[in-house]
Amino acid sequence: DNDFGGIEIRVNEVPREILQIDRFKRLSITFTDSIRIPEAMGKIRIEQLVLKGKITKEEERRIFALFPDTHVFINLRSRQD
């Protein structure tokens, strides 16, 4: 499998460099405070997105909607939980 592999980062906001990559097999982001995902990330093809940090239910719903074809886990919960 030649797909771009997984990346794991710990940040307070998504680095601009992430937005320049068009696909990820797995992207894991631990936020030092609140989870903040820019709308522009919705254009990136991501198979599995793992997010950790503080989040509101409203923001959680927005992120699940932003990535309809991605396996998203927010603080270990998926959209089915």
Q. Just how far is it from atom NZ of Lys25 to atom CD of Gln48, taken to the nearest 0.5 Å?
A. 10.0 Å
Q.
Contact between Leu49 and Ile74 at the side-chain level, heavy atoms closer than 4.5 Å - yes or no?
A. no
Q. Same hydrophobic cluster for Ile35 and Phe73, using side-chain heavy-atom links shorter than 4.5 Å among ILVMFWY?
A. no
Q) Are Val50 and Lys52 close enough that some pair of their side-chain heavy atoms sits under 4.5 Å apart? A) yes
Q: Nearest 0.5 Å please: distance from the CD1 atom of Ile18 over to the CD atom of Glu13.
A: 12.0 Å
**Q.** Note: Arg77-Glu60 ion pair, threshold 4.0 Å (strictly below)
**A.** yes
**Q.** Closest non-hydrogen atom pair, Ile37 against Ile63
**A.** CG1-CD1, 3.7 Å
Q. For the side chain of Arg23 and the backbone of Arg45, is there at least one donor-acceptor N/O pair under 3.5 Å apart?
A. no
**Q.** NZ/NE/NH1/NH2 to OD/OE distance under 4.0 Å, Arg61 and Glu58
**A.** no
Q) Does a salt bridge link Arg62 with Glu39, judged by any charged N lying under 4.0 Å from a carboxylate O? A) yes
Q.
Within the 4.5 Å heavy-atom criterion, are Arg79 and Val72 side-chain neighbours or not?
A. yes
Q | Spacing of Phe24 atom CZ and Met41 atom CE [to the nearest 0.5 Å] | A | 7.0 Å
Q) Should Ile44 and Leu19 count as side-chain neighbours, where that means a heavy-atom distance under 4.5 Å? A) yes
Q) Which pair of non-hydrogen atoms, one from Ile9 and one from Pro15, has the smallest distance, and what is that distance? A) CD1-CD, 3.9 Å
Q | Criterion side chain to side chain contact (heavy atoms under 4.5 Å, CB included) on Glu8 and Arg26, from CA distance to verdict | A | CA-CA 8 Å; Glu8 191 164 335; Arg26 182 176 191 275; 4.1 Å; yes
Q) Closest heavy-atom contact between Val14 and Pro38? A) CG2-CD, 3.8 Å
Q. Hey, what do you get for CG (Asn12) to CG (Asp33), rounding to the nearest 0.5 Å?
A. 8.5 Å
